[in-house]
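Below: the structure, in structure tokens.
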Amino acid sequence: MTDQQVFFEDVAVGEQIPALTVTVDETQLFFFSAATYNGHRIHYDKQWAREEGYDDVLVHGPLQAALLARAIGDWIGGRGRLVSFSVQNRAVAHPGELLRFGGVVTGTRLTDGGAGLVDLDIVGRREDTVLTPGTATVQLPRRATPS
């Protein structure tokens with residue numbers, strides 16, 4: 001998480017947002033299943049996952065999306081706001097794998113009301129494998145706007 005607030009005026013197209021690097025473990029998978037009422041056994045039962053054709057239990061797609069949203073939230077700071085967020089699940093991830101979540105600024109614009117909006121291409125990856133590509137728009141505070 002950044003220690004300082006990012007402002008609309010300081011963001012440029014092509015800028016990378018800081019990546020969140022995470023290694024999910026089996027305990028997290030179990031608790032995420034419980035918290036989201038997801039009883040699908042491929043997320044917590046290794047034998048079941050193997051019978052379904054996987055090498056190990058799977059990291060939930062919605063957990064990957066939540067981690068991607070966390071990376072965005074860490075970057076935009078307390079005065080930023082997530083306006084829109086859309087991801088797709090494209091590949092599986094297993095516990096113990098190093099996962100990276102981040103994105104790049106693809107556009108900036110001001111609304112008629114003067115709000116600063118920033119468009120992002122976002123992605124979760126395992127090494128070079130794209131797991132969760134998507135897009136997001138955030139609203140960042142303007143330097144001239146009081147908190």
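- When all heavy atoms of D56 and P95 are compared, the closest pair comes out as OD2-CG, 3.9 Å.
- L58 and Y44 fall into different hydrophobic clusters, defined by Ile, Leu, Val, Met, Phe, Trp and Tyr side-chain heavy atoms under 4.5 Å apart, directly or through other members.
- Grouping the Ile, Leu, Val, Met, Phe, Trp and Tyr side chains by contacts below 4.5 angstrom, directly or via other members, places V138 with V105.
- Judged by distance alone, with hydrogens and angles left aside, the side-chain atoms of Q88 form no donor-acceptor pair with the main-chain N or O of T132 at under 3.5 Å.
- Residues L140 and R142 are not in side-chain contact: their nearest non-hydrogen atoms beyond the backbone lie 4.5 Å or more apart.
- The shortest non-hydrogen separation linking N89 to G61 is OD1-CA, 3.4 Å.
- Taken together through direct or relayed side-chain contacts under 4.5 Å among Ile, Leu, Val, Met, Phe, Trp and Tyr, V123 and F85 form parts of separate hydrophobic clusters.
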| message | Run D55 and V92 through side chain to side chain contact (heavy atoms under 4.5 Å, CB included) and show every step you take. | response | CA-CA 10 Å; D55 295 332; V92 299; over 6 Å; no
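- Closest of all the heavy-atom pairs between Q5 and G80 is NE2-N, 3.9 Å.
- Residues L82 and W75 share a single hydrophobic cluster, defined by chaining ILVMFWY side chains whose heavy atoms lie under 4.5 Å apart.
- Closest heavy-atom contact between A93 and L131: CB-CD1, 4.0 Å.
- Summarising the geometry, atom CD belonging to Q28 is positioned 9.0 Å from atom OG1 belonging to T23; distances are rounded to the nearest 0.5 Å.
- Residues T36 and H60 have side chains that never bring a donor and an acceptor to within less than 3.5 angstrom of each other.
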| message | Set out, in order, the CA-CA distance, both residues' side-chain angles and the distance that settles side chain to side chain contact (heavy atoms under 4.5 Å, CB included) for V24 and L67, then state yes or no. | response | CA-CA 10 Å; V24 177; L67 291 166; 4.1 Å; yes
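- When hydrophobic clusters are built by joining Ile, Leu, Val, Met, Phe, Trp and Tyr residues whose side-chain heavy atoms come closer than 4.5 Å, directly or via intermediates, I72 is grouped together with F8.
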| message | Let's go through D10 and R143 carefully: what are the C-alpha distance in whole Å and the side-chain angles of both, what is the deciding distance for salt bridge (Lys or Arg N to Asp or Glu O under 4.0 Å) to 0.1 Å, and is it a yes or a no? | response | CA-CA 9 Å; D10 300 329; R143 288 200 180 274; 2.3 Å; yes
| task | Output, in order, the C-alpha distance, side-chain angles, deciding distance and verdict of side chain to side chain contact (heavy atoms under 4.5 Å, CB included) for F101 and I122. | result | CA-CA 8 Å; F101 301 91; I122 54 177; over 6 Å; no
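- T137 and D119 form a side-chain donor-acceptor contact under 3.5 Å, judged by distance and modelled atom types alone.
- Within the 4.5 Å cutoff, no side-chain heavy atoms of L120 are placed close to those of T135.
- With salt bridges taken as basic N to acidic carboxylate O contacts below 4.0 Å, none links E127 and R100.
- At distances below 3.5 Å, at least one donor-acceptor pair connects side-chain atoms of Q64 with backbone N or O atoms of V59.
- Two residues are said to be in side-chain contact when any heavy atoms from C-beta on lie closer than 4.5 Å; T108 and L117 fail this criterion.
- Residue L68 holds its CG atom at 7.0 Å from CD1 of I17, rounded to the nearest 0.5 Å.
- Between N38 and F32 the shortest side-chain heavy-atom distance does not fall below 4.5 Å.
- Atom CD of Q16 has more than 12 neighbouring heavy atoms from other residues, nucleotides or ligands inside a 6.0 Å radius.
- No side-chain heavy atom of V13 sits under 4.5 Å from any side-chain heavy atom of T106.
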| field | Step-by-step side chain to side chain contact (heavy atoms under 4.5 Å, CB included) determination, L63 to H43 | value | CA-CA 11 Å; L63 176 54; H43 300 299; over 6 Å; no
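- Considering every non-hydrogen atom in both V57 and H94, the closest pair reads O-ND1, 2.9 Å.
- Side-chain contact between D25 and F30: absent, with no pair of heavy atoms (C-beta onward) separated by less than 4.5 Å.
- A 4.5 Å side-chain heavy-atom check between R70 and L20 finds at least one atom pair inside the cut-off.
- The side-chain heavy atoms of W48 and K46, taken from C-beta on, include no pair separated by under 4.5 Å.
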